[in-house]
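Structure first, commentary second.
Here the structure is a predicted model, which is why all the values come from computation and not from measurement. In what follows, chains carry the letters A, B, and so on, assigned in the order in which the sequence lines appear, proteins first and then strands, with residues in each chain numbered from 1.
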Number of protein chains: 2
Amino acid sequence: MPLSKCNCEGCELKGLFFSELTNDEIEAVCTWKDERSYKKGEYILREGDPIKEFCYTKSGLVKLVRSVSDQEEQIIYFASSLDFISLLGIFSNDTYPYSVVAIEDTVVCSLRISEVKTFIRTNGNFAFSVIQKLNRVSDNIITTNLEIKRRRLPGRIAYILLYFANDIYKHTTFELPVSRKEIADFIGMTTENVIRTLSEFRRDGIIKISGKTIEIVDMDKLLKIKQFG
Amino acid sequence: MPLSKCNCEGCELKGLFFSELTNDEIEAVCTWKDERSYKKGEYILREGDPIKEFCYTKSGLVKLVRSVSDQEEQIIYFASSLDFISLLGIFSNDTYPYSVVAIEDTVVCSLRISEVKTFIRTNGNFAFSVIQKLNRVSDNIITTNLEIKRRRLPGRIAYILLYFANDIYKHTTFELPVSRKEIADFIGMTTENVIRTLSEFRRDGIIKISGKTIEIVDMDKLLKIKQFG
DNA sequence: AACAGATGCTGATAATTATCATATTTTTGT
DNA sequence: ACAAAAATATGATAATTATCAGCATCTGTT
């Protein structure tokens, strides 16, 4: 099969994820890869399911969640485009220790994990790039959690607002992709207190809120709250 | 140089870390490896230093810490024997994002990171085993932090007591290897409240304390506090 | 359009945790 | 061995956060 028929060839992510693969390997990937679109709210992976695929986001935004009791869940991380979403335990577990849910419309590309494992064993440069990327994502999660842990409620809210504004949307006005409850599940506080703190920020002229739309009005103050709150 | 002169050959960790290396590769490791002993309290790695080595503990206990302000530090993780202590960012950063400090006398074996990187590129099975092990350690850190985050003070203290009792010392009586302040830095609470909670556990007949020695008297109650507190 | 159910919002109160002050004990350095 | 510093301990109070209760608003469905 000629490579020109393989749409992975022209994929904008090829350079990011598979620059180290040979043409033959890319062709093999292409034959088996599975690209899927998910609507906001849909489950991409389910906690407890067997790990058969190696997935990454091509576009969109997802949350990694784990359930900690009947009613409660904890959000581990938000992954945007070009992130691995298969990470925790993918090479050391049999089943997913968390679920992945689209919080915006999301396109995911999946490879068979067995194939990726083979490439790791046979292609050292590919192995190295996988290690680098896994390492970067893990570090990110760990550091983010530590940063949140050391802050109080206002600091945590400031942190997450600035995360969406600076890292995800790169704009001071944006649509919050998550509910107040999801913020609460992420920062480890109650929904009521998340709402209360947002309202206080609004009253203090730091942000404007209309529904899901947030506008950061006083960036300096928000940065100070992130730093000291 | 005959392999018999190489003391890595007989190292009890060879099977764990380097089972996938060829004899030639092990000999190369052996020539350059650096095995060092550290007394309790000594720094093994310093935050900000360039990453030149790939380190793991042969025995002992260490803490991974990062400083978050002039006076405060955050403990990321406790690593016991056979753990990697080079992990966060080792393959994606130039400098260590955290320090590693011995909290018990510790023996560390270090390889040159450049050499490990070469093995990853040239020996796929070794690469795969490194990925598996890094993956496992990262997951552990992430999961531990999530478990702590979702608990209140008593639950957090119960969690860490049971961690030392069950995972590290495998005994209901043990010497706490860390100060109350270090526990506080790990679970994200104040030193006073850690002390207070330990005192309450003692008053409630859950544990006995004499200095650094802790004895778990009422395991059932402690498990319940871990679960619901 | 009407309804149900989720989500957002606010206040009052209770529970939890931090801060400050002070004393005692243990460890460290000389 | 001694003084100084650090760690442990406890109480009182302040600050922070959770819980509960009651409404309003939004969303999706029929």
Side-chain angles (χ1 to χ4, degrees), chain A residues 39-42 63 68-69 71-75 101 103-104 148-161 175-204 207-214 225 228-229, chain B residues 39-42 63 68-69 71-75 101 103-104 148-161 175-204 207-214 225 228-229:
Chain A
K39 290 274 168 208
K40 182 172 178 158
E42 282 184 317
K63 62 175 178 179
V68 292
S69 77
Q71 307 260 334
E72 285 170 284
E73 51 183 36
Q74 233 177 342
I75 294 183
V101 184
I103 56 176
E104 289 183 350
I148 284 172
K149 188 157 91 172
R150 75 190 195 79
R151 290 176 165 80
R152 307 257 181 73
L153 184 41
R156 292 181 185 190
I157 299 290
Y159 187 91
I160 197 174
L161 289 178
E175 289 279 304
L176 251 193
V178 291
S179 67
R180 315 296 196 250
K181 179 179 183 315
E182 284 170 315
I183 294 178
D185 289 342
F186 183 54
I187 68 176
M189 304 267 156
T190 59
T191 309
E192 293 96 318
N193 277 330
V194 170
I195 292 168
R196 225 185 293 275
T197 307
L198 285 172
S199 300
E200 273 159 26
F201 284 4
R202 177 174 42 72
R203 271 196 292 278
D204 294 345
I207 59 174
K208 282 184 186 165
I209 310 176
S210 70
K212 292 274 192 194
T213 306
I214 303 273
I225 293 171
F228 301 109
Chain B
K39 290 274 170 208
K40 183 174 175 155
E42 281 184 317
K63 62 175 177 180
V68 291
S69 77
Q71 308 259 335
E72 284 170 284
E73 52 182 35
Q74 230 177 346
I75 294 183
V101 183
I103 57 177
E104 288 183 351
I148 285 171
K149 189 157 91 171
R150 76 191 196 79
R151 289 176 166 79
R152 307 256 180 73
L153 184 40
R156 293 181 185 189
I157 299 291
Y159 187 90
I160 197 174
L161 289 178
E175 291 277 303
L176 251 194
V178 290
S179 68
R180 315 294 195 253
K181 180 179 182 316
E182 283 171 315
I183 294 178
D185 290 341
F186 182 54
I187 67 176
M189 304 268 156
T190 58
T191 309
E192 293 96 318
N193 276 332
V194 171
I195 291 168
R196 224 185 295 274
T197 306
L198 286 171
S199 300
E200 274 158 26
F201 284 4
R202 177 173 42 71
R203 272 195 291 276
D204 295 344
I207 58 173
K208 282 183 186 167
I209 310 175
S210 69
K212 293 275 191 192
T213 306
I214 303 274
I225 293 171
F228 301 110

**OP:** Ignoring backbone atoms, establish whether Arg180(A) has a side-chain N or O less than 4.0 Å from OP1 or OP2 of dC9(C).
**Re:** yes

**OP:** Determine the contact category for Thr191(B): base if any of its heavy atoms lies under 4.0 Å from a base atom, sugar-phosphate if only primed atoms, P, OP1 or OP2 are that close, otherwise nothing.
**Re:** nothing

Original post:
Got a donor-acceptor pair under 3.5 Å from the side chain of Arg202(B) to the base of dT10(D)?
Top reply: no

Original post:
Atom CD of Glu42(B) and atom C1' of dT28(C): how far apart are they, to the nearest Å?
Top reply: 16 Å

Original post:
Nearest to the side chain of Glu192(B), which nucleotide is it out of dT10(D), dT16(D), dC9(C)?
Top reply: dT10(D)

**OP:** Round to a whole Å and report the spacing from CD1 of Ile207(A) to P of dG8(C).
**Re:** 13 Å

Original post:
Considering heavy-atom distances to DNA chain C, does Lys181(A) or Asn193(B) have its closest nucleotide positioned more toward the 5' end?
Top reply: Lys181(A)

**OP:** Identify which nucleotide among dA7(D), dT17(D), dG8(C) has an atom closest to any side-chain atom of Ser179(A), counting heavy atoms from C-beta outward.
**Re:** dG8(C)

Original post:
Taking for each residue the nucleotide of DNA chain D bearing the nearest heavy atom, is the 5' side occupied by Leu153(A) or by Ile209(B)?
Top reply: Ile209(B)

Original post:
Between dT17(D), dA12(D), dT19(D), which nucleotide has the shortest distance from any of its atoms to the side chain of Arg196(B)?
Top reply: dA12(D)

Subject >> Separation of Lys63(B) NZ from Glu104(B) CD (nearest 0.5 Å) >> reply: 13.0 Å

Original post:
About how many Å separate CD of Glu200(B) and CD1 of Ile207(B), when rounded to the nearest 0.5 Å?
Top reply: 10.5 Å

Original post:
What's the closest nucleotide to the Ile195(B) side chain, out of dG8(C), dT10(D), dT19(C)?
Top reply: dT10(D)

Subject >> Passing option when Ile195(A) is tested against Asn193(A), Leu198(A), Thr197(A), Thr191(A) for side chain to side chain contact (heavy atoms under 4.5 Å, CB included) >> reply: Thr191(A)

Original post:
Separation of Glu182(B) atom CD from dA6(D) atom P, in whole Å?
Top reply: 14 Å

Original post:
Of the nucleotides dT8(D), dG8(C), dT17(D), which one has an atom closest to the side chain of Lys212(B)?
Top reply: dT8(D)

Original post:
CZ of Arg151(A) versus P of dT16(D): gap in Å, rounded?
Top reply: 16 Å

